[in-house]
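Each remark here refers to the structure printed beneath this line.
When reading the values below, keep in mind they use all heavy atoms of this one structure, side chains included, and skip hydrogens, waters and symmetry mates. Every value quoted in this text rests on a predicted model; they were computed, and no experiment measured them.
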Amino acid sequence: MSPSPRTSLPDSRRALNARVWALAWPIILSNMTVPLVGAVDTAVVGRLPDPAYIGAVAIGAVAFNFVFWAFGFLRMGTTGFVAQAYGAGDTSALAAAAARAGVLAVGIGLALIALQVPVGAAALALMDASDTVRDLAATYYGVRIWSAPAALLNYVVLGLLIGVQRTRAALAVQLFMNLSNMALDVLFVLVLDLGVGGVAAATLVSEYAAAGMGVWLARGTLRRLGAWAPPGEVFSRRALAATVSVNANIFVRTLGAIAAFYSFTSLSGGLGDLALAANGVLLHFTHVMAYGLDGFAHAAEALAGGAYGRRDRRAFRAAVASTTTWALVVALVYSLVYAAAGGLFIDALTSIPEVRETARAFLPWAVVAPLVGVWSYQLDGIFIGATRTREMRDAMLLSLAVYALAVAVLLPAFGNHGLWAALIVFLAARAVTLGLWLPRVTRTLE
């Protein structure tokens with residue numbers, strides 16, 4: 001089957017840059033609304049009289065992400081397989097990859113609901129926080145875990161749409177989910193006074209609504225591509241083996257990333273509720289930055305993945321160069337904006353004077369983070385598109401070891417500044433390790 005005309009890269013640099021932006025801007029816009037949901041979560045509970053509410057939402061969200069983000073391979077693996085099949089013009093393999101991921105997502109989601117009590121207890125037990133914060137976080141988790149099937153299915157839909165370069169459809173789904181989530185936050189917390197449970201309920205309702213919309217759009221996309229695969233191809237032994245291998249490596253890689261940020265939040269709790277609340281506010285800065293830069297990483301997944309599927313070395317290198325250049329430019333913009341207006345953003349997220357003052361003291365770390373983190377985010381996209389997940393796994397394990405050493409040395413000596421410095425070291429280690437393996441990926445196309 002011949003490839004779609006849209007799978008080949010433009011010949012001129014100007015046309016390639018235009019293609020990168022056409023793919024990236026919808027993802028940048030939609031991804032930026034994801035942490036904005038968390039920011040609204042923080043803002044609505046930040047109007048409540050006790051900083052414990054902010055800490056509870058921060059810990060509850062991290063515990064939730066520890067459980068759900070571990071299955072981020074449903075998005076990343078789907079994008080890699082779909083992008084390569086799209087680049088090769090193999091619509092049957094494309095449909096089979098999406099179907100396998102969808103069945104897996106629903107199955108895992110139902111299993112998480114069945115195991116919610118032990119999983120939630122284990123996740124929250126690892127957090128170092130006061131009893132008040134822990135109890136409120138348990139309430140948040142107990143409501144939000146019921147969104148598991150919808151949340152994981154949304155990962156698959158997003159992976160499919162990015163892989164076939166339909167990022168505007170991905171934007172529509174994400175905007176619908178996140179804007180409805182923010183509106184429901186205000187309704188449930190500030191109007192109906194449902195507290196932390198209302199924040200979780202807002203996410204649950206919006207995720208199920210978005211899953212319905214996403215499945216409808218994905219079905220239409222597959223029909224337009226003429227993509228269909230018989231059950232025998234969906235569940236063939238060879239395809240399942242490749243899926244398990246790629247996804248297992250991404251699973252380990254994702255657990256490593258979660259462990260780093262999970263421990264950061266947990267260690268923040270050990271420094272007191274005030275430090276926990278301030279770090280929770282500043283983490284929104286890093287999340288906004290990461291989700292925005294992921295637009296170019298996703299463009300790299302689609303373009304580099306398509307070139308890798310066609311075994312086109314020139315197109316692969318061109319996609320890497322163009323997406324990375326623009327990611328660096330946007331990272332610099334983030335740092336400049338945070339340096340100039342970070343205090344205003346902090347004030348928008350909390351009205352508690354002590355939290356505002358503490359967050360300002362550590363704001364410089366949020367200013368530095370985009371310039372260090374952009375490299376690892378971009379390299380992740382390149383490796384996902386090429387489905388070179390073993391290297392991603394090994395790079396993450398090495399980086400996690402470096403992070404643990406940095407925490408052991410810097411936290412006792414410098415307190416919260418040391419904790420932030422260790423996080424920056426972790427981001428830098430990921431960039432270095434992945435960068436050292438990148439030439440190996442390119443050589444496979446020679």
Side-chain angles (χ1 to χ4, degrees), residues 26-27 29-38 40-41 60-61 64-65 67-79 81-82 94-116 119 140-164 166-185 187-188 198-225 227 234 243 247 254 291 294 298:
I27 298 299
L29 183 57
S30 65
N31 279 355
M32 287 181 67
T33 65
V34 176
L36 287 178
V37 172
V40 172
D41 289 347
F64 169 82
N65 292 336
V67 176
F68 280 23
W69 282 5
F71 302 103
F73 60 79
L74 292 166
R75 203 286 301 163
M76 292 179 276
T78 301
T79 298
F81 284 120
V82 167
L94 190 160
R100 275 193 301 274
V103 171
L104 188 59
V106 174
I108 292 173
L110 294 175
L112 287 174
I113 290 176
L115 297 172
Q116 63 178 285
V119 170
Y140 177 94
Y141 173 87
V143 174
R144 192 171 175 185
I145 191 65
W146 288 89
S147 69
L152 299 185
L153 191 57
N154 281 327
Y155 288 172
V156 174
V157 169
L158 184 60
L160 167 65
L161 295 175
I162 292 172
V164 298
R166 294 334 194 239
T167 55
R168 293 188 183 186
L171 168 64
V173 175
Q174 291 294 99
L175 283 181
F176 174 71
M177 179 174 67
N178 296 327
L179 293 177
S180 62
N181 194 339
M182 288 185 274
L184 291 171
D185 264 342
L187 174 63
F188 290 167
V199 173
T203 302
L204 182 149
V205 173
S206 63
E207 285 185 329
Y208 273 103
M213 177 183 179
V215 169
W216 177 71
L217 286 174
R219 184 179 179 185
T221 297
L222 292 175
R223 282 184 173 179
R224 283 193 295 274
L225 292 173
V234 173
T243 300
N247 288 343
T254 305
Y291 281 115
D294 264 353
H298 291 345

Pairwise distance [atom1]([X]) to [atom2]([Y]) - rounded to 0.5 angstrom:
X      : Y      : atom1 : atom2 : result
Asp294 : Ile27  : CG    : CD1   : 9.0 Å
Phe188 : Leu204 : CZ    : CG    : 9.0 Å
Leu161 : His298 : CG    : NE2   : 11.5 Å
Met76  : Asn247 : CE    : CG    : 9.0 Å
Phe81  : Thr243 : CZ    : OG1   : 4.5 Å
Arg224 : Arg219 : CZ    : CZ    : 12.5 Å

Any non-hydrogen side-chain atom of [X] less than 4.5 Å from a side-chain atom of [Y]?
X      : Y      : value
Val82  : Ile162 : no
Leu158 : Val173 : no
Leu152 : Val106 : no
Phe73  : Thr254 : no
Leu104 : Val156 : no
Val157 : Leu217 : no
Thr78  : Tyr155 : no

Which heavy-atom pair separates [X] from [Y] by the least distance, and what is that distance?
X      : Y      : result
Ser180 : Phe176 : OG-O, 2.8 Å
Ala101 : Leu74  : O-CD2, 3.9 Å
Ala218 : Leu160 : CB-CD2, 3.6 Å

**Message:** Applying side-chain hydrogen bond (donor to acceptor under 3.5 Å, both in side chains) as the test, list every pair that has at least one member in residues 199-208; sequence neighbours left out.
**Reply:** Ser147-Glu207, Asn181-Thr203
**Item:** Set of residues satisfying salt bridge (Lys or Arg N to Asp or Glu O under 4.0 Å) with respect to Arg100, sequence neighbours excluded
**Value:** none
**Message:** So, using side chain to side chain contact (heavy atoms under 4.5 Å, CB included) as the criterion, who are the partners of Val205 when residues are at least two apart?
**Reply:** Leu184
